[in-house]
Amino acid sequence: LVWNDTDSNAFLEDTDRCIWFGTSGGASHILHPEELFKSGPLPLLVSEVRIGDAELKADTVTSVPWGHQPFTAHLSTLDFTHARQATFRYHIEGVDEDWQDSPKHDVRYPPLPPGKYSLDVVAVDATTGRISEPTRIAFQITPPWWRTRLVYGLEAGAALLLLLLL
């Protein structure tokens, strides 16, 4: 509304089903009143998901080289009426056994070892009971060159050659 009060007898439902309110600060026009109390899944936005400078996307499995950079993500809900009551449940499959609950909007993990992972996130509004659709971001951290199969094979071959020469 334009103001925090309404004037008496200053209400009109128009022919297109929109609503007009008269207030001491002017008229307010609500185009889709059916949307005011609609309860659907809580909208969740997972953004700025990064390992170092590499940005991870929800629609593809991103491969990131191993390094000393932390895993970070920013979580938010697009329902601003109850934004302060929203909490987030998340876990990284392959790291966490249990889901983590947090009212904070930022997720941070120390550098992860090489492997395949996925971040799963759900937003929860305890006051309304609304829960978002789960968001999953899959990613892979590739091992450093000295931990690749090729290097292990070369090391095994060199050890075998040394045994044969002795």
Side-chain angles (χ1 to χ4, degrees), residues 1-7 10-23 25-143:
L1 297 175
V2 174
W3 203 247
N4 62 355
D5 68 348
T6 57
D7 292 338
F11 174 84
L12 171 71
E13 181 179 5
D14 214 340
T15 56
D16 62 355
R17 306 210 32 100
C18 69
I19 297 176
W20 291 87
F21 286 99
T23 70
S28 290
H29 187 201
I30 300 175
L31 295 174
H32 301 284
E34 68 278 359
E35 297 288 322
L36 288 176
F37 303 106
K38 183 178 178 184
S39 66
L42 193 61
L44 171 66
L45 178 66
V46 181
S47 61
E48 299 176 29
V49 183
R50 299 183 173 279
I51 296 177
D53 293 333
E55 187 168 356
L56 309 178
K57 300 286 185 187
D59 52 351
T60 61
V61 178
T62 307
S63 282
V64 179
W66 175 84
H68 296 288
Q69 301 89 4
F71 173 91
T72 58
H74 183 74
L75 313 174
S76 56
T77 177
L78 301 177
D79 182 358
F80 302 110
T81 54
H82 299 286
R84 292 188 189 270
Q85 289 85 8
T87 59
F88 302 98
R89 300 190 78 219
Y90 62 89
H91 83 290
I92 293 184
E93 191 174 303
V95 175
D96 297 319
E97 289 184 23
D98 297 322
W99 286 77
Q100 309 294 321
D101 293 319
S102 176
K104 297 185 178 182
H105 292 266
D106 292 308
V107 174
R108 184 177 175 91
Y109 281 84
L112 300 171
K116 293 182 179 182
Y117 302 98
S118 64
L119 170 71
D120 298 310
V121 182
V122 175
V124 178
D125 183 352
T127 58
T128 63
R130 293 172 62 201
I131 299 174
S132 72
E133 296 291 329
T135 297
R136 173 172 273 214
I137 298 176
F139 59 98
Q140 177 178 357
I141 299 176
T142 57

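Since the structure is predicted, the reported quantities are computational estimates derived from the model, not experimental observations.
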- Starting at CD1 of I30, measure out to OG of S28 and round the result to the nearest 0.5 Å. 7.0 Å
Can I get a per-line list of side-chain donor-acceptor pairs under 3.5 Å for residues 59-71, giving both atom names and the distance, sequence neighbours left out?
none

- Query: Residues two or more places apart in sequence or in another chain: which of them pass side chain to side chain donor-acceptor pair (under 3.5 Å) with K57?
  - Reply: E55
- Between P33 and C18, what is the shortest heavy-atom contact and its length? CD-CA, 4.3 Å
- Item | Rounded distance (nearest 0.5 Å) linking atom CG of L119 with atom NE2 of H91 | 8.5 Å
- Query: In Å, rounded to the nearest 0.5 Å, how long is the span from CG of L42 to OG1 of T77?
  - Reply: 3.5 Å
- Quick one: does W20's side chain get under 4.5 Å of F11's, heavy atoms only? no
- Message: Does anything in residues 14-23 form a salt bridge (Lys or Arg N to Asp or Glu O under 4.0 Å)? List the pairs, not counting sequence neighbours.
- Response: E13-R17
- Nearest 0.5 Å please: distance from the CG atom of L56 over to the CD1 atom of I137. 7.0 Å
Acceptor/donor pairs from residues 99-113 side chains to any protein atom, 3.5 angstrom cut, sequence neighbours excluded:
residue, atom, partner, partner atom, Å
Q100, NE2, D98, O, 3.4
D101, OD1, R89, NE, 2.7
S102, OG, K104, N, 3.0
H105, ND1, L75, O, 2.8
D106, OD1, H74, ND1, 2.8
Y109, OH, D96, OD2, 2.3

- Query: Among all residues two or more places apart in sequence or in another chain, which pass the side chain to side chain donor-acceptor pair (under 3.5 Å) test with E133?
  - Reply: none
